[in-house]
There are 2 protein chains.
Amino acid sequence: MSMIPSVAEVDVRPLSRLYRALADDTRVRLVALLAGGELCVCHLEHALGLPQPTVSRHLQILKAAGVVDSRRDGTWVHYRLVPQDAPERQAALDAITRAFGAPRVLRADLARLKRARGPGACDQEKTP
Amino acid sequence: MSMIPSVAEVDVRPLSRLYRALADDTRVRLVALLAGGELCVCHLEHALGLPQPTVSRHLQILKAAGVVDSRRDGTWVHYRLVPQDAPERQAALDAITRAFGAPRVLRADLARLKRARGPGACDQEKTP
DNA sequence: CCGGGACATTCGGATATCTGCATGTCCATG
DNA sequence: CATGGACATGCAGATATCCGAATGTCCCGG
């Protein structure tokens, strides 16, 4: 007979750490933007209208919490959401996608960005 | 033609406020316990093994965030989860239920409590 | 090798959060 | 009305978080 775990014994920290990572307006907006796919810091910076160090710092917090991952591409760094192993963590993240990550919202933002900055720079991705 | 909202314009505060309310180990455990149904403060206090003022204060934070509601029953106060209108908020809460609120976990805790304190006091609910 | 652009990190101060201890409030009971 | 139990709140200190400004690091083009 195996011991049935109690709420006192179960480790809630992985989930509460995720909630703490999302307990900030800027970071929720970042996750919402990234729900549409990979983006570089310069795009996120312009989309949010916040200074670069601020955006970078919040991205580090999300990264430390395992919410996002980064990929270096020359001068730029692209961030993307990390698929979560634990279903409860994925569900908590999906809440943001459901609310603000709907394609219509994100596409409007990205289109505005591309219009403002032009298709140069980090936009070209892997398809020249 | 209606303006398509951008992430910058959309108000993320309701969701980030919910995440902030859940960004604490004790509060996640409280929600997990309440996922099984209404409970009075004295039960929560014993289940968590924390001093009463601490539990009470965390319950107030959850209440202010619209996560729980309270019902006075004579000397005792019973707390329960509030069904969320916004589906994204409900999804974020369900993440806790999914992870720690499984019936087997909660029943073990409650059984231990009833065994420890006996069926008297606030247990008798509405059925004498 | 030297600049400049993109991004990360450090530092300092303001603000918020968490906790323990004490006290306050409300209700039932005698 | 006095007492005690259940719960809420006030207060003070330690800790954590957030932000602006400045500085560091890495990479690419010349």
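Just so you know, these numbers use all the heavy atoms, side chains as well, and skip hydrogens, waters and symmetry mates. Chain naming here is simple, since letters A, B, ... match the order of the sequence lines and numbering starts at 1 in each. Predicted model, so just to flag it, every value in this text is computed and none were measured.
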Nearest heavy atoms of B:Ala23 and A:Ala23, plus distance in Å: CB-CB, 4.1 Å
A:Asp11 side, atom CG; A:Ser16 side, atom OG - distance, nearest 0.5 Å: 8.0 Å
Distance below 4.0 Å between A:His58 side-chain N/O and D:dC19 OP1 or OP2: yes
Interatomic distance where OH belongs to A:Tyr19 and P belongs to D:dA16 [whole Å]: 23 Å
Hydrophobic cluster identity match, B:Leu50 and B:Val77, side-chain contacts under 4.5 Å: yes
Between P of D:dT17 and CZ of B:Arg20, the distance in whole Å: 13 Å
Between C:dT17 (C1') and B:Asp25 (CG): distance, integer Å: 14 Å
Nucleotide C:dC7, atom P - distance to NE2 of A:His46 in whole Å: 10 Å
Comparing A:Thr75 and A:Gln52 on DNA chain D - which has the more 5′ nearest nucleotide: A:Gln52
Selection from C:dC18, D:dC7, D:dA22 that lies nearest to any side-chain heavy atom of B:Trp76: D:dC7
Sugar-phosphate, base or nothing in reach of B:Ile61, heavy atoms under 4.0 Å: sugar-phosphate
Polar side-chain contact A:Gln60-C:dA8 base: donor and acceptor under 3.5 Å: no
Nucleotide D:dT17, atom P - distance to CZ of A:Arg17 in whole Å: 12 Å
Sugar-phosphate only, base, or nothing, as touched by A:Pro51 at under 4.0 Å among non-hydrogen atoms: sugar-phosphate
Distance, rounded to the nearest Å, where A:Leu44 contributes CG and C:dA6 contributes C1': 13 Å
Atom-pair distance (CZ on B:Arg71; C1' on C:dC27), nearest Å: 15 Å
Between CG on residue B:Leu62 and OG on residue B:Ser70, distance to nearest 0.5 Å: 11.5 Å
Out of D:dC18, C:dG20, C:dA8, whichever nucleotide has its closest atom nearest the side chain of B:Thr54: C:dG20
Phosphate OP1/OP2 of D:dA8 contacted by B:Tyr79 side-chain N/O (<4.0 Å): yes
Any N/O donor-acceptor pair, A:Arg57 side-chain to C:dT10 base, under 3.5 Å: yes
Spacing of A:Arg27 atom CZ relative to D:dC18 atom C1', expressed in whole Å: 9 Å
Gap between atom CD of A:Glu88 and atom CZ of B:Arg98 - 0.5 Å precision: 8.5 Å
